[in-house]
Amino acid sequence: MTASSLPGFRDSYPEDFVLRRHIFSGWREVARRYGFVEYDGPPLEALELYTAKSGAEIVGQLYSFVDRGDREVALRPEMTPTLARMVGARAQGLPKPIKWFSIPQLFRYERPQRGRLREHFQLNVDIVGETDVMADAELVAAAVDVLRYFGLGADDFVARVSDRRLITLILEEIGVPSGQVLEAISVLDRSERQGDEWLAERLSELGLGEAGVRRVLAVREHSLEDLSNEYGGSSGVSEAIQRLDAFFELIDHQGLAEFVVFDPRLVRGLAYYTGLVFELWEKSGRLRAICGGGRYDDLLAALGGPDLPALGFGLGDVVLGELLKEKGLVPRDSARIDDFIVCVTPEQRPAAIALVRRLREKGRSVGLDYRGRSVGRQFRAADQAGAARAIVIGPDEQRDGTASVRDMSTGDERSIGVEELLAELTAPDSAGNGA
RNA sequence: GUGGGCGUAGCUCAGUCGGUUAGAGCGCCAGGUUGUGGCCCUGGAGGUCGCGGGUUCGAAUCCCGUCGCUCACCCCA
């Protein structure tokens, strides 16, 4: 073997494509049901597109180089800057809300580990130009429905939802200095892994007194109602809570209540979120985030795009694929070709080839032996090719203008006139395998 | 970035107190006398034992380095 694939990059063999095709078609199907339309941009962009506005984290993991024209370029690590540019170019003329989705291959130079490579495909779904909470509910519902499409249920995953603005206001109310709010949020984000002592220490470093620390930690346990009772006096807080209440009501109307919970601990790493934030988490086994997103009303303008409110989520193929494999939700590779023509003696080759041609023109997927092997071997080849039917043309069939059609799964065989066989097939469209 | 485990055929692995041409199962290819696949039988191809260096009469086996995979941490989609 001369060389293996680069670390963090995958070779996708035909059997791997069974899973990838399944994932992509599920993504496209759910996006379609929600009325999103697909777009794409270049995988290679000007380095500047990311260094200017993206977070330091992303910039530090860029795959970048200088091209032959001395341009500094980078493989895209995320889709949002491209979206901002593309929407920006046409924003004026597009009816709002703009509902777009894409399945970009994204690249990040980081240490590969389970569920995290240097390259992956990510479903990106975005709504641009809509402030109404209905958009937030649609977005989360779409993400939930993507997982449900693959057969995952409420036992398998949950959507955790919070509101960045709400948490920010509450923390400020408690007395976290406004410049330190993001810092405090990221401390709360460690709740899963760090003990309360550690958290309390970090929080007091931010200038909080003992009582303040206790109140901040208590926020994690509060329900929306608790938060309303305790902090609802602030108009900003009560407004944010009303919005979340409306959100959950909309989720409930969709019958998705069991999939979505309020969780004030959720904050998400990225700094640009301005409102609702959510993540989809695997419930069983070790917890893993499958998908994340939220509202980023100021980001498009910050990226040099139009000043439009927006929200979106990203959902990668790697973790989802592993999850589906673990749960046994990967479809079996069904028959790969429709018909395999078995030619009994060399004399039938012209007739067999002619039949192959006519079947293909009907839209059938057709295979045949290339070198005149024995009938037994041809049947084995048909089996290995995953043929649904074997169609035998021998001296008898050739003389009578018929064919012997064998169903490879049941073994049933029947004799039928060639013209009749072709007439059974309707238009090319309906001849393919219905996925 | 830090630390642990692991790299032998396409795959899953056996073989390591250092000793002749490195093995198995599965898979692949070819046959089992030119009209029927899944089973079975026979034969075959395929490995510089991750790579480089060292110790030794002799290294898949011991030592060092390196690369890769993997797990945990860090960080974060």
Side-chain angles (χ1 to χ4, degrees), chain A residues 1-11 13-15 54-61 76-80 104 106-124 186 189-190 192-194 267-273 277-281 286 288-294 312-320 322 335 340-349 352 367 369 371-399 402-415:
Chain A
M1 202 58 67
T2 47
S4 53
S5 64
L6 257 23
F9 285 78
R10 298 169 285 179
D11 287 331
Y13 289 89
E15 63 269 26
S54 294
E57 223 45 70
I58 285 183
V59 172
Q61 298 177 346
R76 60 185 174 196
E78 57 168 340
M79 199 56 178
T80 310
L106 304 176
F107 305 87
R108 296 186 179 193
Y109 193 91
E110 59 183 338
R111 184 76 166 257
Q113 27 180 303
R114 182 174 167 79
R116 228 171 128 182
L117 305 173
R118 287 180 174 176
E119 148 273 320
H120 72 143
F121 290 93
Q122 190 183 67
L123 170 66
N124 269 246
S186 88
D189 195 22
R190 315 269 177 101
E192 307 268 346
R193 293 183 296 269
Q194 303 284 353
V267 287
R268 294 199 46 75
L270 295 176
Y272 55 68
Y273 289 108
V277 288
F278 76 96
E279 285 182 346
L280 265 44
W281 283 77
R286 207 175 325 133
R288 279 182 293 188
I290 306 166
C291 162
F313 70 78
L315 194 166
D317 72 319
V318 180
V319 172
L320 176 60
E322 282 177 4
F340 192 99
I341 307 304
V342 175
C343 188
V344 178
T345 77
E347 277 68 54
Q348 283 83 54
R349 292 208 100 195
D369 177 56
R371 17 160 195 162
R373 289 185 287 187
S374 72
V375 172
R377 295 296 153 182
Q378 290 187 62
F379 266 92
R380 184 184 289 184
D383 191 44
Q384 288 173 321
R389 309 192 298 184
I391 299 177
V392 183
I393 303 290
D396 300 345
E397 288 86 352
Q398 189 177 25
R399 184 190 63 229
T402 62
S404 296
V405 179
R406 181 183 180 88
D407 182 308
M408 291 297 282
S409 57
T410 66
D412 294 339
E413 196 164 319
R414 67 193 166 118
S415 178

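Each chain gets a letter, A, B and so on, in the order the sequences are listed, and its residues count up from 1. For the numbers below, each heavy atom of this structure counts, side chains included, while hydrogens, waters and symmetry mates do not.
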How about [X] and [Y]: do any of their side-chain heavy atoms sit closer than 4.5 Å?
X: A:S404; Y: A:R414; value: no
X: A:M408; Y: A:F379; value: yes
X: A:C343; Y: A:Q378; value: yes

If I take atom [atom1] in residue [X] and atom [atom2] in nucleotide [N], what distance separates them, rounded to the nearest angstrom?
X: A:E322; N: B:U70; atom1: CD; atom2: C1'; value: 12 Å
X: A:Q378; N: B:U36; atom1: CD; atom2: P; value: 12 Å
X: A:F379; N: B:G37; atom1: CZ; atom2: P; value: 7 Å
X: A:R414; N: B:G35; atom1: CZ; atom2: C1'; value: 19 Å
X: A:Q122; N: B:C76; atom1: CD; atom2: P; value: 17 Å
X: A:R377; N: B:C40; atom1: CZ; atom2: P; value: 13 Å
X: A:L320; N: B:A77; atom1: CG; atom2: P; value: 19 Å
X: A:Y272; N: B:C76; atom1: OH; atom2: C1'; value: 12 Å

### Task
May I ask you to verify whether the side chain of A:E413 and the base of B:U36 hold a donor-acceptor pair under 3.5 Å?
yes
### Message
Between the base of B:G38 and the side chain of A:R380, is there a donor and acceptor pair under 3.5 angstrom?
### Response
no
### Task
Would you check, one step at a time, whether the test side-chain contact (heavy atoms from CB on, under 4.5 Å) holds for A:R371 with A:R373?
CA-CA 6 Å; A:R371 17 160 195 162; A:R373 289 185 287 187; 3.3 Å; yes
Identified pairing partner of [N], criterion: Watson-Crick or G-U wobble below 3.5 Å:
N: B:G35; value: none
N: B:C49; value: none
N: B:G44; value: B:C28
N: B:G7; value: B:C67
N: B:C13; value: B:G23
N: B:G18; value: none
N: B:C74; value: none

### Query
Taking the side chain of A:A289 as heavy atoms from C-beta outward, which of B:U36, B:A77, B:G37 is closest to it?
B:A77
### Query
Choosing from B:G35, B:G37, B:A77, which nucleotide comes nearest the side chain of A:R108?
B:A77
### Query
Hey, does the side chain of A:Q384 come within less than 4.0 Å of B:C28's phosphate (OP1/OP2), counting only N and O?
yes
Taking the [atom1] atom in each of [N] and [M], what is the distance between them to the nearest angstrom?
N: B:U48; M: B:A22; atom1: C1'; value: 13 Å
N: B:C63; M: B:G43; atom1: P; value: 40 Å
N: B:C41; M: B:G5; atom1: C1'; value: 43 Å
N: B:C13; M: B:G7; atom1: C1'; value: 13 Å
N: B:A45; M: B:C29; atom1: C1'; value: 7 Å
N: B:G15; M: B:G19; atom1: P; value: 13 Å
N: B:U21; M: B:G47; atom1: C1'; value: 14 Å
N: B:G38; M: B:A30; atom1: P; value: 14 Å

Heavy atoms only, 4.0 Å cut-off, all strands: where does [X] land among base, sugar-phosphate and nothing?
X: A:G372; answer: nothing
X: A:P346; answer: nothing
X: A:E347; answer: nothing
X: A:G394; answer: base
X: A:R371; answer: sugar-phosphate
X: A:I393; answer: nothing

### Message
Here's a test of your reading of the structure: between A:I290 and A:R373, which maps to the more 5' nucleotide of RNA chain B?
### Response
A:R373
### Query
Taking for each residue the nucleotide of RNA chain B bearing the nearest heavy atom, is the 5' side occupied by A:G314 or by A:D412?
A:D412
### Task
Drop me the distance from A:Q348's CD to A:I393's CD1, to the nearest 0.5 angstrom.
8.0 Å
### Query
Taking the six-membered ring of A:Y109, is the NZ or CZ of A:R118 close enough (under 6.0 Å from the centre) and on axis enough (within 45°)?
yes
### Query
When you check the gap from the basic side-chain N to the acidic O, do A:R399 and A:D396 get nearer than 4.0 Å?
yes
### Query
How far apart are the C-alpha atoms of A:D369 and A:R349, what are their side-chain angles, what is the distance that settles it, and do they pass the salt bridge (Lys or Arg N to Asp or Glu O under 4.0 Å) test?
CA-CA 10 Å; A:D369 177 56; A:R349 292 208 100 195; 5.4 Å; no
